[in-house]
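For reference, the structure is listed below as structure tokens.
The structure displayed is predicted, hence computed values, not measured ones. Each chain gets a letter, A, B and so on, in the order its sequence line appears, and its residues count up from 1.
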There are 2 protein chains.
Amino acid sequence: MNQMTQDTAADRSRPLERDETTNLISSDKVDGTTVYATDGEKIGHVDHLMIGKRSGRVEYAVMSFGGFLGLGESYHPIPWDALDYDEDKDGYVVAIDKSKLEDAPYYMKGAAPPFDAQYGSQVFGYYGVIY
Amino acid sequence: MNQMTQDTAADRSRPLERDETTNLISSDKVDGTTVYATDGEKIGHVDHLMIGKRSGRVEYAVMSFGGFLGLGESYHPIPWDALDYDEDKDGYVVAIDKSKLEDAPYYMKGAAPPFDAQYGSQVFGYYGVIY
């Protein structure tokens, strides 16, 4: 936790000294990027990101799973920190089994949740992202 | 500076306890949002964001200034922290005079810079974003 806090402070306080400044990605490239389960199976793609207006932090990547589970177009918000970018796959890997996605928080097109603290708690808790 | 560092650490370490969790914005809404100068003049719109793949931090909002300065389609990367969201305007305000934009770093369509440390230093320095 301390290490994470330090890294985070460093991220913003010295962004120009990081190697990761060469590891930027454009939002219009993120949108549409494939998301894989840990077993390598494609489970969807990033539809859009939810970003803190003031913090500039990407809080959620919202996956689209068109037709998955027989639901029609549905959206699963996944904490950004639950996604690992895999350069070989050129996509994101989420540490969850496809079968477990049935229980993951989702919403239908046109019925977006408030993305408030209570909803965040549900999503972050589901993916086991502990801060 | 200390305050900023603390805020930053808090942003990531306790995102669910912040009021700002209700202040999220979708990436597809950010893209296209108008950018104003401090005098209220429209100076362009957000074309896309440049995001740290691992940090999840929005580093730059890349403005499009179609035809501005007689240049054709040009892009000006602006540090996210140099943009203030104005709810009344429903747009971002950048603390720079429109006339000064002529000297701001920009690139032409299809000729994106490396976005490395050296380039970042130039952009961050220009907008006076001190970390």
* So do the side chains of B/Ser27 and A/Asp31 get within less than 4.5 Å of each other, counting heavy atoms only? -> yes
* To do: Could you check which of A/Ile51, A/Asp84, A/Val62, A/Val58 has the highest count of heavy-atom pairs closer than 4.5 Å to chain B?
  => A/Ile51
* Asked: Under 4.5 Å between side-chain heavy atoms, hopping through other hydrophobics if needed: is there a path connecting B/Trp80 to B/Val93?
  -> no
* Nearest 0.5 Å, what's the CG-CG distance between B/Asp116 and A/Leu24? -> 9.5 Å
* Pairs satisfying side chain to side chain donor-acceptor pair (under 3.5 Å), at least one member in residues 86-95 of chain A, at least two apart -> A/Tyr85-A/Asp90
* To do: List the steps, then state whether side-chain contact (heavy atoms from CB on, under 4.5 Å) holds for A/Leu49 with B/Leu49.
  => CA-CA 11 Å; A/Leu49 305 173; B/Leu49 305 174; over 6 Å; no
* Asked: Are B/Tyr75 and B/Met63 grouped together when hydrophobic residues (ILVMFWY) are joined by side-chain heavy atoms under 4.5 angstrom apart?
  -> yes
* To do: Please round to the nearest 0.5 Å and tell me the distance separating atom NE2 of A/His48 and atom CD1 of B/Ile25.
  => 11.0 Å
* To do: Indicate the atoms forming the closest heavy-atom contact of B/Arg57 with A/Ser55, along with that distance.
  => NH1-O, 2.6 Å
* To do: Say whether B/Tyr126 and B/Phe115 are linked into one hydrophobic cluster, either directly or through other cluster members, by side-chain heavy-atom distances under 4.5 angstrom.
  => yes
* **Shared hydrophobic cluster, A/Met50 / B/Met50 (ILVMFWY, side-chain heavy atoms < 4.5 Å)** => yes
